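Values below: every heavy atom of this structure, side chains too, minus hydrogens, waters and symmetry copies. Here the structure is a predicted model, which is why all the values come from computation and not from measurement. In listed order, ligands and their atoms are each counted from 1. Numbers here are sequence positions counted from 1.
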Amino acid sequence: MAKTIITCAITGAVHTPTMSDHLPVHPDTIAEQAIAAAEAGAAVLHLHARNPENGAPSVDPAHFEFFLPRLKQATDAIINISTGGNPVMTVAERLPPALTFSPEMCSLNMGSMNFAMHPLADRYLSWKEDWEEGYVRSSEANIFRNTFTDIRMISDQLGGEEHQVKFEHECYDVGHLYNLKFCLDQGMFKAPIFLQFVMGILGGISAELDNLLFMKQTADKLFGRQYQWSVIGAGAQQMRMASVAAQMGGHVRVGLEDSLFIARGQQATSNAQQVSKIRRILEEQGNQIATPSEAREILGTKGSDRVKF
Ligand code: KMH
Ligand code: ZN
């Protein structure tokens, strides 16, 4: 049976410091939690950066520089730098970290959409940082822009000879699979492509099992055997979607970027706690967990000796 890759998304740009004391927003805690997640079994680390002063999502390469060399030195995990930034940035704003550090992998969001988390705002009476409440509430008006021009820009700048980045194609709805098929037919990407079904974001498809089947069936129809896939169940469905996906031959993504919880009503104390939980579930159900070198083989990444950090 093929091995299962665990990706851990460490901090992201959706959750804010008030929402959990365990969300790593300082470079030291981002590094510590990412290293612990890799030790617990994550073969891929999906990374955003934060401003160390206030924990706000950041695309300043200097903020990535604080932790990337530490991760490379301490783990063999594949480093994946987000090109998603946060949902209000343009692609030109989101590209500098990936262009600076030339990682093995980058996320690539496959369509424009509403991307909202404003309902979370009503859960909090006070906020740790000035920027948080406005950031969360104003997401009601967010358009996360990922046009075909944007997608081509990322593909041209990162996917070519110079950087040879492997993409985590973030597909938030069935239509995004068709966008990807169009781009693939234009010659933008090389097989095997790696799809991330992102389910449960307000603005995208919900995290339900029949939707997972539909995403998988559509991907089979469009891409045949030329693809690998993984799932994010955002929020409460994280572990459920991951365990079912692994039974269907998919890979899984966990991490505090996607859910702050370890069980119903109980916050996760770290990213590694989520990795350990999904690893335990997967091993119990007969999946074998891929090491970083096995993940490199499955995904066809360029190797950690060719990154620039
Ligand atoms: N935050 C996730 C829902 C990206 O970084 O490019 C999607 C994501 C986007 O990971
Ligand atoms: Zn992300």
Between Asp258 and Gln238, do the side chains contain an N or O donor and an N or O acceptor separated by less than 3.5 Å?
no
If only side-chain N and O atoms count, and only distance matters, is there a donor-acceptor pair under 3.5 Å linking Gln196 with His169?
no
For the Zn ion (ligand 2), find the closest N/O/S atom belonging to Glu257 and write down its atom name.
OE2
Between the side chains of Gln273 and Thr269, is a donor N or O closer than 3.5 angstrom to an acceptor N or O?
yes
If only side-chain N and O atoms count, and only distance matters, is there a donor-acceptor pair under 3.5 Å linking Glu132 with Thr18?
yes
Are Leu120 and Val198 co-members of a hydrophobic cluster defined by side-chain heavy atoms under 4.5 Å apart?
yes
N or O contacts of ligand 1 with protein under 3.5 Å, please list pair by pair.
unit_1: ligand 1; atom_1: 1 (N); unit_2: Glu257; atom_2: OE2; d: 2.7
unit_1: ligand 1; atom_1: 5 (O); unit_2: His46; atom_2: NE2; d: 3.1
unit_1: ligand 1; atom_1: 5 (O); unit_2: His48; atom_2: NE2; d: 2.9
unit_1: ligand 1; atom_1: 5 (O); unit_2: Ser82; atom_2: OG; d: 2.7
unit_1: ligand 1; atom_1: 6 (O); unit_2: Ser82; atom_2: OG; d: 3.4
unit_1: ligand 1; atom_1: 6 (O); unit_2: Gly84; atom_2: N; d: 3.3
unit_1: ligand 1; atom_1: 6 (O); unit_2: Ser107; atom_2: OG; d: 2.6
unit_1: ligand 1; atom_1: 6 (O); unit_2: Asn109; atom_2: ND2; d: 2.8
unit_1: ligand 1; atom_1: 10 (O); unit_2: His46; atom_2: NE2; d: 3.2
unit_1: ligand 1; atom_1: 10 (O); unit_2: Glu170; atom_2: OE2; d: 3.3
unit_1: ligand 1; atom_1: 10 (O); unit_2: Arg253; atom_2: NH1; d: 3.4
unit_1: ligand 1; atom_1: 10 (O); unit_2: Arg253; atom_2: NH2; d: 2.9
unit_1: ligand 1; atom_1: 10 (O); unit_2: Glu257; atom_2: OE2; d: 2.8

Nearest 10° is fine: what angle sits at the Zn ion (ligand 2) between NE2 from His48 and NE2 from His46?
100°
Salt bridge between Arg50 and Asp60, side-chain N to carboxylate O under 4.0 Å?
no
With a 4.5 Å cut-off on side-chain heavy atoms, are Phe197 and Ile232 touching?
no
